[in-house]
Amino acid sequence: MLDPRLLRQDPHGVAERLARRGYAFDATAYAALDDQRKTLQTQAEELQAERNQRSKSIGKAKAAGDDIEPLKAAVAGLGERLDAAKTELEQVQAELEAIQQDLPNLPDDAMPDGADESDNRVLREVGTPRAFDFAVRDHVAVGEGLGGLDAPTAARITGARFTVLSGGVARLHRALIAFMLDTHTGTGYTEVNVPYIVNADALYGTGQLPKFGDDLFRLVEPEDYYLIPTAEVPVSNMVAGEIIEPERLPLRYVAHTPCFRAEAGAAGRDVRGMIRQHQFEKVELINIAHPDDSTACHEAMLASAERVLAALELPYRVVDLCGGDIGFSAARTFDLEVWLPSQETYREISSISNTRDFQARRMGARYRDAETGKPRLLHTLNGSGVAAGRALVAVLENHQQADGSVRVPDALVPYMGGLRTIVAA
RNA sequence: GGAGAGGUGGCCGAGUGGUCGAAGGCGCUCCCCUGCUAAGGGAGUAAGGGGUUUGUAGCCUCUUCGAGGGUUCGAAUCCCUCCCUCUCCGCCA
């Protein structure tokens with residue numbers, strides 16, 4: 001949600017900034033609707049004030065023992081006029097709100113311009129893709145060769161876009177998660193374990209609802225419960241409705257959770273393997289920050305995620321998402337893309353966003369300003385550190401060996417019980 | 001699942017259908033007193049929206065006592081529905 005005051009004071013400025021991300025905001029229509037709101041609100045409040053005043057004087061008269069019947073008669077009809085005024089106001093307010101809920105975040109000035117992902121700015125490439133002296137297999141072939149990756153069985157249990165992992169591959173997945181959690185808690189993150197089912201309010205708070213409900217799995221009962229699409233939803237909402245004392249900031253949380261996505265509109269994309277699943281696991285970083293610190297926190301989160309990829313000895317690049325590719329709630333997003341030898345390309349493995357006060361406003365997440373003592377909106381940031389499923393894919397592909405085995409990167413060896421190579425079961 | 005109790009400001013806690021955004025306390029801020037400290041005295045201290053305005057100042061106004069409906073001229077207070085917390089029982093990992 002954008003600042004309604006800014007929207008009112010400078011709708012055309014907002015429209016210009018939103019245009020950078022390809023969103024057409026009709027500032028003129030909005031301003032006209034808001035003028036209407038202003039008139040109706042003044043009208044309704046005047047009636048309300050009159051009623052309050054009259055009711056109060058009836059109370060006084062009654063306390064004084066006076067006859068209140070004539071006073072009551074004088075109020076007759078006021079209630080109906082008030083109701084009518086309120087109804088009219090509510091309609092216009094609902095229209096305004098519908099527009100506001102739909103507006104994506106204002107981009108950071110530093111965000112690159114561009115129409116789609118091909119316009120993203122590559123900030124740097126780290127590590128060198130390995131030169132293979134044998135035919136590279138994709139992660140499905142490697143995993144199946146090890147007897148540890150099985151989509152057909154998952155299809156029988158559930159359907160498309162699920163995978164059964166087993167043996168060394170399953171353990172590798174668990175090792176990745178444990179390693180990532182330890183890495184982040186080692187740099188000051190607090191590990192949290194959160195609900196994987198959230199209510200509609202939480203999803204509204206982080207911006208998935210009302211606009212992106214199609215990509216969520218929703219429970220039949222209770223019907224306003226949903227499976228989380230990312231840990232960002234439960235973890236960020238930990239501060240919903242709260243006023244945080246500033247000395248506690250920034251709050252830094254790390255959570256390992258499954259993520260459930262309907263992948264509506266992704267039919268036909270990445271159908272082979274574990275790149276795009278309905279269920280995957282992720283280690284997520286959340287920062288709840290003072291507005292003055294959020295940019296620095298964003299950089300630090302990026303460094304934290306990069307540390308993981310470096311330790312896993314995976315080549316990657318850092319990308320600054322352009323206006324055409326950035327998400328609804330984000331003001332600025334850095335993606336980490338890991339090298340996949342089978343595709344000879346970089347694929348997203350982490351997305352790290354500063355939403356500034358966009359989510360905080362929706363959630364009502366505030367801190368107490370040290371100087372004024374007044375509550376002000378926090379900044380919220382989220383980033384994968386990193387996606388476990390895609391990390392597994394990257395390790396299988398990048399560290400595969402000619403004989404079909406997979407080398408365990410040194411950082412993971414302790415988490416594999418000392419195992420240095422995963423071989424076929 | 002059954003029975004009961006309860007949800008009020010940063011926290012604890014009182015509250016009769018009207019003069020209640022709400023006693024009292026804690027905490028916090030400022031001031032006074034005390035040659036440090038402690039104790040004492042005084043004042044202040046909820047949030048959100050709108051209007052006015054150059055203004056996050058002031059002024060005017062509306063809303064908010066778990067959420068949503070209802071009764072009433074008027075609801076923290078009465079009625080209905082829902083949510084959450086706690087206690088006991090049952091069940092269960």
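Heavy-atom basis, side chains included; hydrogens, waters and symmetry copies ignored. Computed from a predicted structure; not experimentally measured. In what follows, every chain begins at residue 1, and chains take the letters A, B, ... in the order their sequences are listed.
The nucleotide B:U87 finds its pairing partner in B:A3, both defining distances of the Watson-Crick or G-U wobble pair being shorter than 3.5 Å. Base pairing annotation: B:G24 forms a Watson-Crick or G-U wobble pair with B:C12, both donor-acceptor distances under 3.5 Å. For B:C65, there is no paired nucleotide, since no Watson-Crick or G-U wobble pair has both relevant distances below 3.5 Å. Base pairing annotation: B:C59 forms a Watson-Crick or G-U wobble pair with B:G51, both donor-acceptor distances under 3.5 Å. B:G17 makes up no base pair with any nucleotide shown, lacking Watson-Crick or G-U wobble contacts both under 3.5 Å. In this structure, B:U29 and B:A43 make a Watson-Crick or G-U wobble pair, each of the two defining distances being under 3.5 angstrom. B:U34 is unpaired under the Watson-Crick or G-U wobble criterion, no partner having all donor-acceptor distances under 3.5 Å. The base-pairing partner of B:A76, taking Watson-Crick or G-U wobble contacts with both distances under 3.5 Å, does not exist among the strands shown.
As a whole-Å value, the separation of A:Q53 CD from B:C60 P is 13 Å. For the pair A:R366 CZ and B:G49 P, the interatomic distance rounds to 9 Å; values are reported in whole Å. A straight line from CG of A:L89 to P of B:G51 spans 12 Å, rounded to a whole angstrom. Distance CG (A:D201) to C1' (B:G66): 13 Å, rounded to an integer number of Å. Distance CD (A:E242) to P (B:A46): 20 Å, rounded to an integer number of Å. For the pair A:L82 CG and B:C73 P, the computed distance is 13 Å after rounding to whole Å. Between A:Q9 atom CD and B:U52 atom C1' the separation is 13 Å, expressed in whole Å. Per the geometry, CG belonging to A:N199 stands 10 Å off C1' belonging to B:C83, to the nearest Å.
A:R51 has a side-chain polar atom (N or O) that falls below the 4.0 Å cut-off from OP1 or OP2 of B:G74. For A:K374 and B:A47, the shortest distance from a side-chain N or O to OP1 or OP2 is below 4.0 Å.
Atom name C1', nucleotides B:C20 and B:G27: the rounded distance is 23 Å, in whole Å. Separating the P atom of B:A23 from that of B:C82 is a span of 34 Å, rounded to the nearest Å. Comparing B:G55 with B:U63, their C1' atoms are spaced 24 Å from each other, to the whole Å. Between B:G17 and B:U77, the two C1' atoms lie 6 Å apart (nearest whole Å). Spacing between B:G44 and B:C36 at atom P, rounded to whole Å, works out to 27 Å. Distance check on atom C1': B:C88 versus B:A14 gives 28 Å, rounded to whole Å. If you take atom C1' in B:U45 and the same atom in B:C26, they sit 13 Å apart, rounded to whole Å. Here the separation of B:G10 from B:A47, taken at their P atoms, is 7 Å to the nearest Å.
Closest-nucleotide positions on RNA chain B for A:E50 and A:K60 were compared, and the one nearer the 5' end corresponds to A:K60. Between A:K38 and A:E245, the one whose closest nucleotide on RNA chain B sits nearer the 5' end is A:E245.
Close placement of the A:F328 and A:F212 rings is indicated, their centers lying within 6.0 Å of each other. Between A:F260 and A:H278, the gap from one ring centroid to the other reaches at least 6.0 Å.
Taking only side-chain atoms of A:R37, from C-beta outward, the nucleotide of B:U63, B:G18, B:G51 with the closest atom is B:G51. Relative to the side chain of A:N52, the nucleotides B:C84, B:U63, B:A47 differ in distance, and B:U63 lies closest. Here the nucleotide nearest the side chain of A:Q48, chosen from B:U63, B:A47, B:C73, is B:U63. Each of B:G10, B:U52, B:G48 was ranked by its minimum atom distance to the side chain of A:I243; first place goes to B:G10. Comparing atom distances between the A:A49 side chain and each of B:C73, B:A47, B:C62 picks out B:C62 as nearest. For A:Q41, the side-chain atoms get nearest to B:G49 when compared with the rest of B:C62, B:G49, B:G18.
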Trace of the side chain to side chain contact (heavy atoms under 4.5 Å, CB included) decision for A:R252 with A:I286 = CA-CA 6 Å; A:R252 302 200 294 160; A:I286 297 291; over 6 Å; no
Discussion item. Does A:F25 form a ring pair (Phe, Tyr, Trp, His ring centres under 6.0 Å) with A:Y30? I'd like the steps, not just the answer.
Written reply: CA-CA 8 Å; A:F25 171 51; A:Y30 184 87; 5.5 Å; yes
Working for side chain to side chain contact (heavy atoms under 4.5 Å, CB included), residues A:K86 and A:L82: CA-CA 6 Å; A:K86 273 187 185 166; A:L82 180 58; 4.2 Å; yes
### Task
Show the numbers, then the answer: is there a side-chain hydrogen bond (donor to acceptor under 3.5 Å, both in side chains) between A:E337 and A:Y316?
CA-CA 5 Å; A:E337 299 181 338; A:Y316 65 92; over 6 Å; no
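Nucleic acid contact class of A:P375 (heavy atoms, under 4.0 Å, all strands): sugar-phosphate only.
Residues A:D102 and A:K211 are in side-chain contact: their nearest non-hydrogen atoms beyond the backbone lie under 4.5 Å apart.
No hydrogens or angles were tested; on distance alone, a donor-acceptor pair under 3.5 Å links the side chain of A:E45 to the base of B:G49.
Partner A:R332 forms a side chain to side chain donor-acceptor pair (under 3.5 Å) with one of A:D320, A:D109, A:T295 and no other, that one being A:D320.
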